[in-house]
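Labels below follow one simple rule: chain letters A, B, ... track the order of the sequence lines, proteins then strands, and each chain is numbered from 1.
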Amino acid sequence: MATLESKVPPGPLADKWRKHKADIKLVNPANKRKYEIIVVGAGLAGSSAASSLADLGYKVKSFVFHDSPRRAHSIAAQGGINAAKNYQNDGDSVHRLFYDTIKGGDYRSREANVHRLAEVSVNIIDQCVAQGVPFAREYGGLLANRSFGGAQVSRTFYARGQTGQQLLLGAYSALMRTVGQGTVELHTQSEMLDLVVVGGQAKGIIVRDLVTGAIERHAADAVILATGGYGNVFNLSTYARGSNATAIWRAYKRGACLANPCYTQIHPTCIPVSGEYQSKLTLMSESLRNDGRIWVPKKKEDSGKAPGSIPEGERDYYLERMYPAFGNLCPRDIASRAAKRVCDEGRGVGTSGLGVYLDFSDAINRLGENSVRERYGNLFDIYHEITAESAYQQPMRIFPAVHYTMGGLWVDYNLMSNVPGLFVLGEANFSDHGANRLGASALMQGLADGYFVIPYTIGDYLAGQKPGSRPSVDAPEFKAAEENVRSMTSHFLGIKGKQPVSHFHKRLGKIMWELCGMARTKAGLERALREIPALREEFWASVNVPGSAADLNQSLEQAGRVADFIELGELLCRDALTREESCGGHFREEHQHPDGECKRDDEKFGHVAAWEYQGKDQVPLRNTEALNYESVKMSVRNYK
Amino acid sequence: MNPIAFLFRSSIGRKVLMAVTGVVLIGFIIGHLVGNLQIFQHPDHLNGYAQFLHQLGPLLWVARLGVLVCVVLHVWAATVLTLENRAARGAEAYAVAHTLRATLSSRMMRQTGVVVLAFVIYHLAHFTWGVADRSHFKENLAHYTMQSEYRVAGFPVVKAGTEVLDVHSMVILGFQSPVVSLFYIVAVGLLSFHLLHGIESMFQTLGWRSERWAGGLRKIALVFCAAYFFFNLTIPGSVVAGRLKQQSAHLVAVPGR
Amino acid sequence: MSAATTTKNFSVTLRVWRQAGTKQAGRFVEYAAKDLDPNMSFLEMLDVVNDELTLKGDEPIAFAHDCREGICGTCSCTINGKPHGPGKGIATCQLYMRSFREGDLITVEPFRAEAFPVVKDLVTDRSAFDKIQQAGGFITARAGSAPEANAAPVPKPDADLAMDAATCIGCGACVAACKNASAMLFVAAKVSHLGLLPQGQAERDRRVLAMAHTMDELGFGNCTNQYECSAACPKLISHDFIARMNRDYLTASVRSVFKVESASSGGGAG
């Protein structure tokens, strides 16, 4: 049984981080260069961590499966990044951002981590501006803000609808600078396929060079995973096609606990599915909800009609009706479930009936088409490209889609997993968003972890490691891990079955979406737990992976990732089944208030569930970490 | 790196070289045209002008050398850049050739450039070295006696009664061959076409062009090129059309004819 | 009103560049793509074709893709001679089959340029762009050292223009479309983005010189001001930025010659 020690420092909440920074061990500058750190992934968290650690003097190796670190999927985040700057003079503060995030996470996150996140949020904006991130500005030249779901203040900084892109390019530029200086060694098109644990500590990784097929061993004093979320377990999602859970899953199989996998965020504003061939769902930024009004026809019979022909009185602006205080800006999980509910009632729009309208006609009347274009032009363009419809002339059709996974590898306050030496940052860890993430908080967390947390906390671990004590890549653990990777690769190529990899991914996605999506039931999850293992058997027996292992082989890459998704999907369902409550991104139909809201069970489930691998075909072990709320009282989330 | 190395080694530097030499050459051809248009005036003008240029002596050679250096640099940079561009494009060409908006003029720069260079050499052979059409070369024609004073910017530079070379007659006699005239017209047309992209390109390379006034720039370039072509056309055109005749009454026969 | 599945399915013929590796010779191979939904994206069509190839025992067509929403810059097909295919301001992944008609012959090639060697089929190696960025595409600002974000106001027009340049997704369509395989638009976009901001001034000269020289060294061609790059750019980044970079480069070159430098460069952060 893994020991889950949160290592949250004692003392008042607001002082914890400051005090912790002063107390933790440091590595002296001359010694830093003797330590090697592996960073896997180069999104916001990975790039910022790699460059910051290199700037501190550590030797850093950065690994990405993409052809360039700039491709990481952080780039696709549209809306913005939160920070408690209070530039709007509207009453924002670190405490309020902390509180909103805790509440938004439905009281399932770790209090101290969230407070730290809110504290460093202000430094992130300073850092990004210094790097040249072209945030939106007011005419006076100062930074502009917009409001975002789950908050009653305007604290979101943005760069048109491409905030993630600009922040990532900022972090990427820092990474490129350090690569150019020779302090970071960059390995592109290198996929981590195993974690090497030596003497109980993470000391290296096995990677496959995706172009040459070479399997390489890399040793280090510490390993950082910043490899993003696992939302592609649903196949259709707003994730990039390449986004995968392989790094965290292989780490899980090496002993790292995976926490709260069932917390999956379904984003309310995505473009609906149009057909079986669909490979990807496109998000329309939540910021659209600032000016767009969501509605469906009041009457079932009207759902097939052209939206313009439905008179105002016959429209149901259901979010405004149900949640008057927050209206269209209520948190994502709530908005998503509300959309599902009205569609289940038969009032959904579009040919599939799985869609609701997001209407800008009021905003266009109020602000003029040009202002709307200035704010959302690129989003409207994207919508037009995909659907061939103009959102200036008719309402958008939107539907929820899987967008983010709050669960991830378990980490302590120092962002270290239960495997010493293995650190996990960004979406890949579980710590900050609880059961639901607020809009514009993912970017904040990724950069907080990379720029302002790991540079301090990794020293605490490394100070306990003798410089130069990292094992050689010839150690038996490396050899065994490499063997493991090689045998899996050759096994895939040898199956020569009847179905392409995508076939299994699609089937897994359907099981997951149907049985473990927006609304989950005991019976459904139990069914999923029968169907997924059967799918896994079938996959290993009849997948067809053509080509060779000695060159670029996208089918082979995908096979490994889907194999992991199938296993992870099973764990996700298991977690959802055992969490007998509803909270945030986990909704169990059995546990709801009469009005359809989440019914938490703080008594029984006010904890983190951290799953521990027990071996092939063994039921994993469910460890728990109690969530001790010292400063906030767990209460019913109310956005009414 | 010193500024010379910047200009000769870097991509942008060599383009700046193209632009700057281009500007000098455009200046030269404008001056050349304006001087030549004196052909429509009394022979005193063109012949006086030619005599004035000769009188410049070493200064003329400095100017000639300057133009020559610009031509050489312009051609050198173009050649080097083109060779690099070919190499950069790679061995495998696109199976489907596709142009999005590159103008015809911009795509013909190499071809028009080569024809213009050939024309320049012929032009020099014709009117400067006298090897192309020896019989009508100015030094083989009877001298011309200036009937009035030729002034430049108000200063008298060639006195009346001076015996000078009869450039006026040489040009008119030279253009009496329709083939020669046609070659001139075609070459000047291609030069104008070359300049159409050249002028816009020069502004872009020097960083003075922007989409805000690109339309205006294009119009200016178009008007300039059209005017340049038209005025150049008038000289051989008028000769071939018989509108411009040899006026020096005292010249009756061409030696050897 | 709904665009979904209202028009009929159709079939096209693909003529796809197949190349086993960088050193091997490539050739075109034709594939039939049948029963296509017009609302399918071009890459989804390739997915379908690839699944069919896999089932037939052939090796699927390797093509680069990731986010499939036009922002990561991974996808990079030249379709019928145009990088990213027909359409303005889109990446390959944003191209939908409704842009084609029954019976079309669609030629699919990689982004071609000497500096972008083909890795396999339609996948090319664009790491040259990373190298250009490493030379100077950054503002040096170590984490922890930044001043208060609102300390230096940036006039809105400058910030907006910088953002226009910063929208570059690094796909390389500009190079692929350029008759000379020049990377000027890519480099100019980064140079302009950072050069327009007050934060970027300290390294402005160094940046433009280093990035432009690295671009030259990596074997990209020279700009002939034909603006194919900006026409092919999925973000429609203006070639005005190239003019701006030319100006910056010239100024920086002149300044680098005449600027008085301290005799000692020591004492700075190492």
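Heavy-atom distances place both the backbone and the side chain of Ile169(C) under 4.5 Å from chain A.
With rounding to the nearest 0.5 angstrom, the CD1 atom of Ile386(A) is 9.0 Å from the OG atom of Ser41(C).
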With a cut-off of 3.5 Å and sequence neighbours excluded, list every side-chain donor-acceptor pair involving residues 149-158 of chain C.
residue	atom	partner	partner atom	Å
Asn150(C)	OD1	Leu143(A)	N	3.0
Lys156(C)	NZ	Asp160(C)	OD2	3.0

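Considering only heavy atoms from C-beta on, Asp125(C) stays 4.5 Å or farther from Asp67(A) through its side chain. Side-chain contact between Arg177(A) and Gln134(C) is absent, with no heavy-atom pair separated by less than 4.5 Å. Between Gln165(A) and Lys235(C) the shortest side-chain heavy-atom distance does not fall below 4.5 Å. The shortest distance between side-chain heavy atoms of Ile90(C) and Glu385(A) falls below 4.5 Å. Contact of the Met163(C) side chain with the Gln162(A) side chain is registered, since non-hydrogen atoms from C-beta on lie closer than 4.5 Å.
Under the 3.5 Å distance criterion, the side-chain polar atoms of His193(C) are matched with a main-chain donor or acceptor of Gly132(A). Formation of a donor-acceptor pair under 3.5 Å by the Lys280(A) side chain with backbone atoms of Arg68(C) is not found in this model.
Note: Asn544(A) leads Ile125(A), Asn544(A), Thr282(A), Val545(A) in heavy-atom pairs under 4.5 Å with chain C.
When each of Arg241(A), Arg71(A), His66(A), His73(A) is checked for a side chain to side chain donor-acceptor pair (under 3.5 Å) with Asp66(C), only His66(A) meets the rule.
Under a cut-off of 6.0 angstrom, the local environment of CD in Gln201(C) is crowded, with over 12 non-hydrogen atoms contributed by other residues, nucleotides or ligands.
The shortest heavy-atom contact between Ala20(C) and Asp551(A) is O-OD2, 4.1 Å.
Every residue two or more places apart in sequence or in another chain was checked for a side-chain hydrogen bond (donor to acceptor under 3.5 Å, both in side chains) with Gln166(A), and none qualifies.
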Under the criterion side-chain contact (heavy atoms from CB on, under 4.5 Å), I'd like the reasoning laid out for Gln199(C) against Gln131(A): C-alpha separation, chi angles, the key distance, then a yes or no.
CA-CA 7 Å; Gln199(C) 298 90 321; Gln131(A) 280 174 342; over 6 Å; no
